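Just so we're clear, the structure is a prediction, and the values are computed from it rather than from any experiment. Throughout, protein chains are lettered first and strands after them, A, B, ... in sequence-line order, and every chain is numbered starting at 1.
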There are 2 protein chains.
Amino acid sequence: MSALHDHTHCIADALTRADALCAERGARLTALRRRVLELVWSSHRPRGAYAILEDLSQQDGKAAAPLTVYRALEFLVEQGLVHRIESLNAYVGCAAPGDVHSGQFLVCEACGDAAEIDDPGVGAAIDAAAAGRGFRVQRPTVEVRGLCKSCQEKPR
Amino acid sequence: MSALHDHTHCIADALTRADALCAERGARLTALRRRVLELVWSSHRPRGAYAILEDLSQQDGKAAAPLTVYRALEFLVEQGLVHRIESLNAYVGCAAPGDVHSGQFLVCEACGDAAEIDDPGVGAAIDAAAAGRGFRVQRPTVEVRGLCKSCQEKPR
DNA sequence: GACATGGGTGTTACTTTATAACACCCAGTC
DNA sequence: GACTGGGTGTTATAAAGTAACACCCATGTC
């Protein structure tokens, strides 16, 4: 994800889509959950639960407990609004909530951005590899570490 | 991994290959590191660092500190003798040390076994997807949750 | 309007996973 | 024998995640 983009638009867009999706499903996107979603979306970098907790405490003035954040994150993950990046113990906003997710990420070691992709080739290759071994896929996780385009181009 | 196989052979084989590889590379597979490797290989299920720590304490009688185990694991991972399963915060013996690793795992939700695969199709698909986005791959992580063949066949 | 219900939140305490800082030991080398 | 560097031990601490239980509040029902 380029550093040069109107990120306020990303946030607003994510919240709007979340509102619509939850309304459609009858899921309760409460004030707290919405706020946590907003904080997750504060960048395209995966954020840890405790970082979000700190934001909540500092920006909103209320000292929340870890569980508060974890419960909100659990809801958001269930609704497909947020993904958990296993290799970072962190959470990032979903780029395409509502669509089918396979959860593939390109995580840049330099800038920390996690770009979500949904590459049909990767999904198909995993399905084929699993099928060949009689394995029934439930939840594939693909997290590729490396360097994003803009970080490669930057002089270090 | 079928529950029915001669696992003592797996362990012995893993240790033999580790000895050979480390000798070849001039890496020091000390008694402690070798013991930790053996404990990682005690099954095909990924084991947490603290589980290994407990084994060390209970089976060997010496109360080791967490760092002792983490340092040994770090070495073993660097040498490619052990893989870390990110989504489980756990470690599992590498099925093919010495060969190129892409780190792909089929993790069974029922029995907990993590079968390492090195599917060229999956690797190629990831490379292609990354290349198409200008992303330079350093370390791909693929961890597929699901049900292994033998657990599907078992009546639950 | 009173009441029951259930999901969401708050609070406290705790567990699990991982690392930092520093001292010591031992093998190999000059 | 002294030097050197990697490996290990020790203590303390940080980071990530969960359990148990009480309370609150919106909703539906009578």
Using atom [atom1] of [X] as one end and atom [atom2] of [N] as the other, report the distance to the nearest whole Å.
X	N	atom1	atom2	result
A:Arg25	C:dG7	CZ	C1'	18 Å
B:Glu86	D:dA16	CD	C1'	14 Å
B:Glu78	D:dG6	CD	C1'	13 Å
A:Leu56	C:dT9	CG	P	11 Å
B:Arg47	C:dT16	CZ	P	14 Å
B:Glu54	C:dT16	CD	P	9 Å
A:Ile52	D:dA15	CD1	C1'	14 Å
A:Leu88	D:dG17	CG	P	11 Å

Donor + acceptor pair across side chains of B:Glu86, B:Thr141 (<3.5 Å):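 Side-chain D/A pair, B:Glu86 to B:Thr141: absent.
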Non-hydrogen side-chain atoms of A:Leu56 and A:Arg35 separated by less than 4.5 Å: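 Counting from C-beta outward, A:Leu56 and A:Arg35 do come under 4.5 Å.
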Base of C:dA18 paired with side chain of B:Tyr50 (donor-acceptor, under 3.5 Å):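 Looking at the base of C:dA18, it does pair with a donor or acceptor on the side chain of B:Tyr50 (distance under 3.5 Å).
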Within the 6.0 Å centroid threshold, strictly below: B:His5 and B:His7: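 That pair passes the under 6.0 Å test.
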Near-ring test A:His83/A:Tyr91, centroid separation under 6.0 angstrom: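 For A:Tyr91 and A:His83, the ring centres are not under 6.0 Å apart.
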Residue-phosphate contact under 4.0 Å: B:Arg84 side-chain N/O, C:dA18 OP1/OP2: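 Yes, B:Arg84 has a side-chain N/O under 4.0 Å of OP1/OP2 on C:dA18.
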D:dG17 phosphate, OP1 or OP2, under 4.0 Å from A:Asn89 side-chain N/O: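 Yes.
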Over 12 foreign heavy atoms within 6.0 Å of CZ, B:Arg45: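 Atom CZ in B:Arg45 is not packed in, count stays at 12 or less.
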Residues, nucleotides or ligands: over 12 heavy atoms within 6.0 Å of A:Arg145 CZ: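 Yes, enclosed.
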Interface residues of residues 64-74 of chain B with DNA chain D (non-hydrogen, below 4.0 angstrom):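 Correct list: B:Ala65, B:Leu67, B:Thr68, B:Arg71.
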Heavy-atom closest pair, residues B:Pro46 and B:Val92: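 Heavy-atom minimum between the residues: CA-CB, 4.1 Å.
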